[in-house]
Amino acid sequence: MLLRMSTLFLRTLREDPADAEIPSHRLLLRAGYIRRAASGGYTWLPLGYRVYRNVERIVREEMDRMGAQEVHFPALLPREPYEASGRWTAYGDNMFRLKDRRGSDHLLAPTHEEMFTLLVKDLYSSYKDLPLWIYQIQTKFRDEARPRAGLLRLREFVMKDSYSFDTHDSGLDASYAAHRAAYIATFDRLGLDYVIVSAMSGAMGGSRSEEFLHPNQVGEDTFVRSAGGYAANVEAVRTPVPDPIPHDDAPAAHVEDTPDTPTIDTLVALANERFARSDRPWSAADTLKNVVVMLVHPEGSREPLVVGLPGDRDVDPKRLEAQVDPAVVEAFTEADFAANPALVKGYIGPAALGEKSSSGIRYLVDPRVVAGTRWLTGANQAGRHVFDLVCGRDFTPDGTIEAAEIKAGDPAPDGSGPLLLARGIEIGHIFQLGRKYADALDLKVLDENGKLVTVTMGSYGIGVSRAVAAVAESTHDEAGLCWPREVSPADVHIVATGKDPAVFEAAQRLAIDLVDAGLTVLYDDRRKVSPGIKFTDAELIGVPTIVTVGRGLADGVVELRDRRTDARRDLPVAEAAATIRQAIQA
RNA sequence: CGGGGUGUGGCGCAGCUUGGUAGCGCACUCGCUUUGGGAGCGAGGGGCCGCAGGUUCAAAUCCUGUCACCCCGACCA
């Protein structure tokens with residue numbers, strides 16, 4: 001394949017587009033790979049589409065290699081299957097819904113679990129047919145509240161989604177492992193660094209779930225990692241539980257007047273002023289903060305919940321939501337306080353809490369709040385706190401909850417060292433759906449004993465368009481894009497400089513030789529463009545190998561250059577094609 | 001959905017405060033010169049000033065409304 005710059009549908013931009021902030025977005029626009037067509041929707045231009053297809057090809061090859069079979073569904077689907085699974089309503093505003101001319105409801109699929117499940121139900125009815133792995137590479141639609149960051153968060157994007165169908169849990173484990181291995185192979189080929197973090201399966205239901213995150217500051221996912229190799233989604237981090245502390249010699253709890261201390265800061269300040277300790281000052285970590293929220297259960301009932309945690313930490317809303325799923329968390333309003341007089345805003349304490357207390361309000365604490373820990377906390381009266389309240393002696397929570405924020409430096413659950421907070425781009429997600437969809441859509445097969453059993457499923461996604469952005473993010477430099485060989489829009493970028501017709505003849509001959517050898521060549525044959533522009537464009541476009549044919553030709557050489565390292569060497573013209581082929585295949 | 005910002009030619013921007021019918025750089029076209037790191041000179045083409053109302057003799061500019069887009073947050077298998 002020969003791409004001539006003189007006729008290529010391409011216009012590079014000298015300046016950064018004003019609304020592009022992150023490197024992949026900025027450079028893909030500037031280098032003429034994509035153009036914005038809508039909020040959250042981009043057009044692939046010829047160079048960009050070549051890169052996109054390479055990424056897609058790699059994903060497809062690895063899926064085929066593992067033995068998955070490709071199918072293709074419509075993106076425009078009727079309401080009924082999603083009604084049956086409950087997602088017509090459960091998916092919320094992020095699903096595009098529309099009506100046809102007869103007024104029937106349709107949707108633009110955000111994901112295809114229902115359709116895959118129904119397809120298998122349609123065709124298969126025996127355990128002998130399983131396991132089955134099928135996938136598609138499809139445009140997905142999500143009405144994102146805020147598309148952003150170029151290709152990273154789109155409203156219309158391409159995803160490879162695959163699904164596994166097994167009779168038994170052990171089969172699901174094997175299917176999951178096979179996908180995990182295929183993803184590792186895929187991202188390795190794409191040249192993308194990743195960490196595999198355990199994740200909560202959230203609204204999808206199911207059990208085991210892991211995300212492949214490409215560590216990058218522009219990513220939207222926060223995860224934690226330790227030097228010892230632990231990595232997890234913040235929602236999935238388990239707090240190491242300290243041993244109980246002996247408290248036989250602990251002083252008795254005592255209530256003190258603490259006027260005007262509705263916040264941890266004011267409480268700590270007052271404690272240090274009026275109740276100073278000899279050994280060390282009071283700090284937020286000595287206080288037990290009791291945060292009240294309102295849970296809304298799926299069937300609509302509302303339940304107050306109090307979360308107790310050390311005062312130097314806040315509740316992490318995502319971690320809390322993940323713990324109470326499928327209930328959702330709402331703020332506790334003034335009206336709610338009025339309806340629950342046992343809760344004194346700013347002075348809530350354990351004595352008024354717990355399912356067995358008079359209020360009956362569920363009270364869950366951070367795992368660090370173990371028996372024997374001693375706290376300064378609310379006394380359930382305005383302007384009063386209780387000191388030396390000992391967990392296990394003076395109060396017993398209803399249980400623990402992983403809702404406190406994770407802080408850098410917290411210990412990793414597996415003892416592998418302190419945690420660091422990092423950001424990542426979610427490039428893949430695998431999880432065990434279990435029987436959620438098979439139950440909802442009644443996918444059953446006959447097992448070895450002639451008994452009907454519900455099939456267990458796994459679901460596995462790779463964001464193909466997002467992966468293009470992730471590769472660009474991870475490989476670019478100051479001058480421009482810098483593609484790994486397998487995804488580059490071309491194998492070689494030949495730059496012809498000067499005005500000597502002999503240069504263009506030699507460059508074209510070289511280009512044709514390389515094309516004949518099966519390579520894709522991007523040939524800058526523009527006659528009236530200055531060398532500076534051609535070099536700058538070549539660096540922007542980011543083909544890994546750049547060959548310059550120009551003034552060296554008089555000495556019988558062309559220059560071979562590595563885009564990434566900038567290493568250069570002269571090659572005799574006669575051997576150029578062979579040497580370049582070697583260099584590329586190496 | 002909350003907060004902030006921006007809409008003027010393909011891209012980046014000025015003009016708006018103080019109304020007088022649009023300008024600069026890049027890109028594009030033609031000619032001549034130039035050709036190893038974003039060339040020079042000359043001549044050109046291209047803009048419903050996001051949209052709709054209003055004020056005014058006159059609106060890119062003032063007023064009202066509306067739409068779109070970007071950023072932060074919320075949200076997000």
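Just so it is clear: chains get the letters A, B, ... in the order the sequence lines come, proteins before strands, and each one is counted from 1. Atoms considered below: every heavy atom in the structure, side chains included; atoms not considered: hydrogens, waters and symmetry mates.
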Fit a plane to each ring of A:F73 and A:H112, take the angle between them on a 0 to 90° scale, and name the class: parallel (under 30°), tilted (30 to 60°) or perpendicular (over 60°).
->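 If you compare the ring of A:F73 with that of A:H112, the planes turn out tilted.
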Taking the six-membered ring for Trp, are A:W133 and A:H179 parallel (under 30°), tilted (30 to 60°) or perpendicular (over 60°)?
->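 If you compare the ring of A:W133 with that of A:H179, the planes turn out perpendicular.
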Searching all strands shown, indicate the nucleotide that pairs with [N] (Watson-Crick or G-U wobble; both distances under 3.5 Å).
N	answer
B:rG37	none
B:rA68	B:rU6
B:rG44	B:rC28
B:rA77	none

With [X], which residues qualify under salt bridge (charged side-chain N to carboxylate O under 4.0 Å, His left out), at least two apart?
X	answer
A:K289	A:D314
A:D491	none
A:D193	none
A:E62	A:R65, A:R189

Applying ring-ring contact (aromatic ring centres under 6.0 Å, His included), name anything that partners A:F165, two or more places apart in sequence or on another chain.
-> none
Results of ring-ring contact (aromatic ring centres under 6.0 Å, His included) for A:H25 - residues two or more places apart only | A:Y42
Only counting residues at least two apart or in another chain, list the ones meeting side chain to side chain donor-acceptor pair (under 3.5 Å) with A:W44.
-> none
Taking the side chain as every heavy atom from C-beta outward, state whether A:S465 and A:L154 have any atom pair closer than 4.5 Å.
-> yes
Taking only N and O in the side chain of A:S39, is any of them less than 4.0 Å away from OP1 or OP2 of B:rC69?
-> yes
May I ask you to verify if any side-chain N or O of A:S530 is less than 4.0 angstrom from the OP1 or OP2 atom of B:rU34?
-> no
Checking all strands, does A:E321 fall into the base, sugar-phosphate, or nothing category for heavy-atom contacts under 4.0 angstrom?
->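 Nothing, no nucleic acid heavy atom in range.
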Check: residues 471-480 of chain A side-chain donor-acceptor pairs under 3.5 Å, at least two apart:
| unit_1 | atom_1 | unit_2 | atom_2 | d |
| --- | --- | --- | --- | --- |
| A:E473 | OE2 | A:S24 | N | 2.8 |
| A:E473 | OE2 | A:S24 | OG | 2.7 |
| A:S474 | OG | A:A470 | O | 3.3 |
| A:S474 | OG | A:V471 | O | 3.1 |
| A:T475 | OG1 | A:V471 | O | 2.7 |
| A:T475 | OG1 | A:C482 | O | 3.1 |
| A:H476 | ND1 | A:A472 | O | 3.2 |
| A:H476 | ND1 | A:E473 | O | 3.0 |
| A:D477 | OD1 | A:A479 | N | 2.9 |
| A:D477 | OD1 | A:G480 | N | 3.1 |
| A:D477 | OD1 | A:R563 | NH2 | 2.8 |
| A:D477 | OD2 | A:R563 | NH1 | 2.8 |

For B:rA68 versus B:rC51, give the span between their P atoms, rounded off to a whole number of Å.
->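 Looking at atom P only, B:rA68 and B:rC51 are 15 Å apart.
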If you check every side-chain atom of A:R35, which of B:rA77, B:rC11, B:rG37 has the closest atom?
-> B:rC11
In terms of side-chain heavy atoms of A:K318, which of B:rA77, B:rC75, B:rG38 is nearest?
-> B:rC75
Specify the residues of residues 545-555 of chain A, ordered by number, for which at least one heavy atom lies under 4.0 angstrom from an atom of RNA chain B.
->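 Contacts with RNA chain B under 4.0 Å: A:T548, A:G550, A:R551, A:G552.
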Give me the residues of residues 558-565 of chain A where at least one heavy atom lies under 4.0 Å from an atom of RNA chain B, by number, or none.
->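 A:E559, A:R561 - these, ordered by number, are the residues of the stretch whose heavy atoms sit under 4.0 Å from the strand.
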Dump every N/O contact between nucleotides 23-27 of chain B and the protein below 3.5 Å, one line per pair.
| unit_1 | atom_1 | unit_2 | atom_2 | d |
| --- | --- | --- | --- | --- |
| B:rG25 | N2 | A:E15 | OE1 | 3.0 |

Whole-Å distance between B:rA77 P and A:L433 CG?
->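 After rounding, the gap between these two atoms is 13 Å.
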Sugar-phosphate or base contact per nucleotide [nucleotides 1-9 of chain B; S, B, -; heavy atom under 4.0 Å] | ---------
